[in-house]
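See structure below.
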2 protein chains.
Amino acid sequence: MLKTDTANPAERKRGSGVRVVYESLRDEILDLTLAPGSPIDEVQLAERFNMSRTPIREALVRLAGEGLVETLPNRSTMVSNIDFLNLHTFFDALTLMYRVTTRLAAQNHAAGDLERIRAHQAQFAAAVEAQQALAMIATNREFHAAIAEAGRNPYYTGLFLRLLDEGRRLLRLYYQSFDDRLPQEFVDEHEAMITAIAARDVEAADRLARSHANQIVRQIQQFFARDARQDIAL
Amino acid sequence: MLKTDTANPAERKRGSGVRVVYESLRDEILDLTLAPGSPIDEVQLAERFNMSRTPIREALVRLAGEGLVETLPNRSTMVSNIDFLNLHTFFDALTLMYRVTTRLAAQNHAAGDLERIRAHQAQFAAAVEAQQALAMIATNREFHAAIAEAGRNPYYTGLFLRLLDEGRRLLRLYYQSFDDRLPQEFVDEHEAMITAIAARDVEAADRLARSHANQIVRQIQQFFARDARQDIAL
DNA sequence: TGCATTTTCTTTGTCGACAACAATATGCAC
DNA sequence: GTGCATATTGTTGTCGACAAAGAAAATGCA
């Protein structure tokens with residue numbers, strides 16, 4: 001219904017079906033192309049992707065495992081709602097993961113890590129310069145993901161990626177409303193974090209990560225608080 | 001092959017199939033009934049649970065999402081190996097989650113939380129008294145899960161439960177080798193944590209959680225270090 | 001007209017079958 | 001006997017179909 005990616009009828013590598021569906025749905029959910037709370041029809045997806053319901057279902061099971069969709073037994077599955085009432089738990093966990101991963105990156109980064117991190121930072125700066133909201137969100141995620149990778153703790157990385165993805169939905173709302181204006185300050189903060197990591201200065205990395213997280217959290221919280229007040233005013 | 005839970009031929013509630021398979025396999029993996037690295041045959045499971053391969057596969061997808069099994073494309077899926085070389089990352093994350101959840105429990109616990117926590121602690125103490133290793137592992141998990149619940153941050157709770165489950169496999173090895181002897185000290189430490197939570201003493205809760213985690217980590221590390229040395233000696 | 005009940009209809013959960021892929025076994029040439 | 005190409009076997013990924021479970025619509029009755 002959204003996109004008709006029914007391009008190739010049957011020229012699809014065996015075993016790639018689930019991955020395609022999973023990644024497509026995942027991106028659409030996180031980009032808010034699929035609205036939170038909207039129902040998901042299996043047969044519709046099967047038609048759209050030109051495949052049977054079986055791989056569609058397996059993709060949905062994966063998405064459910066990550067909390068991106070919720071599936072009621074014998075009832076339709078739907079895109080998970082954003083829990084605005086408990087956003088503070090999200091921000092709390094996000095801040096902790098920012099700090100922990102950046103700390104560990106300063107401790108454990110090895111050859112090649114800094115190059116990868118700097119490359120993502122360059123892409124992020126370019127996206128900010130071009131004022132492209134979606135690219136900003138994506139490159140920011142990759143930047144912090146690279147830092148987490150350099151920290152070399154897959155448990156932290158896993159939770160952090162999940163939180164960053166969940167945050168993509170919030171950021172999408174945020175940038176949508178602010179008309180894609182550019183937060184140059186984030187670029188500078190990123191640079192400072194890279195410097196601290198390169199110097200293996202754990203405490204500085206922690207401090208920067210914490211203030212970076214606080215910065216983001218504060219802005220988003222202000223935005224949603226303003227939004228809520230407007231809702232009441234109407 | 002292990003258990004023939006082929007009891008009821010078809011008297012099974014619609015939609016419960018996946019859950020049954022998922023929980024059974026999960027328990028067997030964590031209890032080491034299914035050895036790490038052992039292959040998983042879908043048709044064999046289908047015969048054992050008296051159902052088609054479809055629900056079996058969905059259960060395996062869920063397990064793969066939690067990292068309990070690994071699935072190679074077009075090749076058989078197998079029980080995830082324990083990554084002994086990177087155990088420190090596991091202990092690191094586990095310790096942090098011990099601390100964070102206990103801190104939050106001291107901050108946020110509400111009516112009924114303490115009762116639930118104390119109930120699990122009583123069961124744990126009973127299991128220790130009875131020197132039942134499996135019951136000790138299970139009740140210990142429930143005790144800390146209840147604390148995490150009282151902390152009211154589902155992101156932390158989710159990661160913590162995953163770590164505790166992964167730890168079940170390590171603890172299983174640990175207790176197996178030590179002939180199920182009883183760590184009375186854990187019971188006492190639990191009691192102290194409950195007291196700190198009840199008093200809403202966040203710093204004390206943090207301190208106790210940290211030392212509790214260190215205690216456990218140290219014992220398991222010693223065990224595996226000893227084990228490794230024995231392996232070399234042989 | 002309003003409510004309870006039955007019927008239809010939609011959507012899910014499960015099944016058995018088939019095709020593709022990987023690994024092993026077989027055959028053949030040297 | 002060895003090395004390579006081919007056939008065979010086993011296992012996975014995908015499919016189309018059917019039946020159960022709700023939900024919605026239709027019917028009946030007061």
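Just so we're on the same page: letters track the sequence lines, and every chain starts at 1.
- Taking Phe91(A) as the reference, nothing meets the ring-ring contact (aromatic ring centres under 6.0 Å, His included) condition, with sequence neighbours excluded.
- Partners of Tyr156(B) according to the ring-ring contact (aromatic ring centres under 6.0 Å, His included) rule, which considers only residues two or more places apart in sequence or in another chain, do not exist here.
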Its contact letters, B for base, S for sugar-phosphate only and - for none at protein heavy atoms under 4.0 Å, make nucleotides 7-19 of chain D read -----BBBBBB-B

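- Under the ring-ring contact (aromatic ring centres under 6.0 Å, His included) criterion, Phe124(A) pairs with His190(A), sequence neighbours left out.
- Residues satisfying the ring-ring contact (aromatic ring centres under 6.0 Å, His included) test with Tyr22(B), not counting sequence neighbours, are none.
- For the salt bridge (charged side-chain N to carboxylate O under 4.0 Å, His left out) test, no residue two or more places apart in sequence or in another chain qualifies with Asp92(B).
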